[in-house]
Amino acid sequence: QVQLVESGGGLVQPGGSLRLSCAASGNIFSISAMGWYRQAPGKQRELVATITSGHSTNYADSVKGRFTISRDNAKNTVYLQMNSLKPEDTAVYYCNADGVNIIGTINRYWGQGTQVTVSS
């Protein structure tokens, strides 16, 4: 079993910054891709950014140039640095990890979500 614990959300003014963290723990052989998704009221969950174990990244167009995803493989932790925040970034942010067990089975795990509110 794998657990993902998120932290770093909160209330910030437009133009401000937040750094989200998500640490994976449990029975992990390895973690391939990790990522961040978000869900705003009335909208479906959408991709924010992903990162592979080799540190290749992918971003939603809406956050390119403002957000940076990174990971510490030794700590099984993924980060999302969020700069120049806009009100439309307000959402619950969820991290995910694709965990690989010792026999090679891949399962997608999700964090509990952390609220990010951007408001003046």
Side-chain angles (χ1 to χ4, degrees):
Q1 185 174 336
V2 174
Q3 297 84 40
L4 302 179
V5 179
E6 304 177 11
S7 62
L11 174 65
V12 65
Q13 292 185 333
S17 297
L18 287 172
R19 190 189 191 214
L20 306 183
S21 299
C22 176
S25 63
N27 294 324
I28 303 171
F29 180 71
S30 66
I31 296 176
S32 55
M34 303 185 79
W36 290 94
Y37 296 74
R38 66 187 182 187
Q39 187 166 24
K43 296 184 177 181
Q44 64 184 18
R45 187 175 298 186
E46 65 177 352
L47 169 73
V48 177
T50 60
I51 185 167
T52 69
S53 60
H55 298 89
S56 296
T57 58
N58 184 59
Y59 296 92
D61 288 342
S62 60
V63 306
K64 285 181 179 178
R66 300 189 298 120
F67 292 8
T68 302
I69 189 170
S70 61
R71 64 188 286 173
D72 185 332
N73 290 340
K75 296 180 178 180
N76 288 327
T77 299
V78 63
Y79 306 93
L80 186 68
Q81 179 66 46
M82 308 165 67
N83 298 328
S84 301
L85 283 162
K86 304 175 180 179
E88 51 262 46
D89 295 318
T90 296
V92 177
Y93 284 70
Y94 299 89
C95 69
N96 97 280
D98 292 338
V100 183
N101 68 17
I102 197 167
I103 62 172
T105 302
I106 301 175
N107 292 293
R108 174 159 286 187
Y109 300 94
W110 293 93
Q112 81 283 0
T114 184
Q115 177 70 48
V116 172
T117 302
V118 185
S119 176
S120 60

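Basis for what follows: all heavy atoms, side chains included, without hydrogens, waters or symmetry-related copies.
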Rounded to the nearest 0.5 Å, the OG1 atom of Thr57 sits from the CD1 atom of Ile51 at a distance of 6.0 Å
Are any non-hydrogen side-chain atoms of Val78 and Asp72 less than 4.5 angstrom apart? no
According to salt bridge (Lys or Arg N to Asp or Glu O under 4.0 Å), does anything in residues 107-120 pair up with another residue at least two apart or in another chain? List the pairs. Asp98-Arg108
Nonpolar side-chain network containing Val100, other nodes, edges under 4.5 Å: Ile106
Once rounded to the nearest 0.5 Å, what's the spacing between atom OG of Ser62 and atom NZ of Lys86? 8.0 Å
Would Asn73 and His55 satisfy side-chain contact (heavy atoms from CB on, under 4.5 Å), going step by step from the backbone distance to the final call? CA-CA 10 Å; Asn73 290 340; His55 298 89; 3.6 Å; yes
Could you tell me which non-hydrogen atom of Leu4 sits nearest to which non-hydrogen atom of Gln112, and how far apart they are? O-OE1, 3.3 Å
Polar side-chain atom of Thr77 near backbone of Lys75 as donor-acceptor pair, under 3.5 Å: yes
Do you see a donor-acceptor pair shorter than 3.5 Å between the side chains of Asn83 and Ser17? yes
Report the distance from atom CZ of Arg66 to atom OG of Ser84, rounding to the nearest 0.5 Å. 7.0 Å
Straight-line distance of Asp89 CG to Phe67 CZ, nearest 0.5 Å: 4.0 Å
Nearest 0.5 Å, please: how far is SG in Cys22 from CE in Met34? 5.5 Å
Take atom CD in Glu88; do more than 12 heavy atoms of anything else shown fall under 6.0 Å from it? yes
Would a 4.5 Å heavy-atom cut-off, applied to side chains only, mark Val63 and Met82 as touching? no
Using the side-chain contact (heavy atoms from CB on, under 4.5 Å) criterion, which residues pair with Glu46? Sequence neighbours excluded. Arg38
Sorted by first residue and then second, give each ring-ring contact (aromatic ring centres under 6.0 Å, His included) pair with at least one member in residues 8-31; sequence neighbours left out. none
Who are the side-chain contact (heavy atoms from CB on, under 4.5 Å) partners of Ala49, not counting sequence neighbours? Tyr59, Ile69, Leu80
Side chain of Thr50, backbone of Gly35: donor and acceptor closer than 3.5 Å? no
Is the shortest distance from a Lys or Arg side-chain nitrogen in Lys64 or Asp61 to a carboxylate oxygen in the other one below 4.0 Å? yes
If hydrophobic clusters are built from ILVMFWY residues whose side chains come within less than 4.5 Å, do Val48 and Val92 share one? no
ring-ring contact (aromatic ring centres under 6.0 Å, His included) contacts in which one or both residues fall within residues 88-120, not counting sequence neighbours: Tyr37-Trp110
Set of side-chain contact (heavy atoms from CB on, under 4.5 Å) partners for Arg19, sequence neighbours left out: Tyr79, Gln81
Applying side-chain hydrogen bond (donor to acceptor under 3.5 Å, both in side chains) to Lys43 and not counting sequence neighbours gives none
Residue pairs involving residues 37-85 (criterion disulfide (SG to SG under 2.5 Å); sequence neighbours excluded): none
In terms of heavy-atom contacts, Arg45 and Gln39 come closest through N-NE2, 3.7 Å
Qualifying residues under side-chain hydrogen bond (donor to acceptor under 3.5 Å, both in side chains), relative to Gln115, sequence neighbours excluded: Thr117
Applying a strict under-4.5 Å side-chain criterion to I, L, V, M, F, W and Y, I'd like to know whether Leu47 and Trp36 cluster together. no
Among residues at least two apart in sequence or on other chains, which ones pass side-chain hydrogen bond (donor to acceptor under 3.5 Å, both in side chains) with Thr52? none
Side-chain donor/acceptor pairs under 3.5 Å, residues 6-16, sequence neighbours excluded:
from: Glu6; atom 1: OE1; to: Gly113; atom 2: N; distance (Å): 3.4
from: Glu6; atom 1: OE1; to: Thr114; atom 2: N; distance (Å): 3.1
from: Glu6; atom 1: OE2; to: Cys95; atom 2: N; distance (Å): 2.6

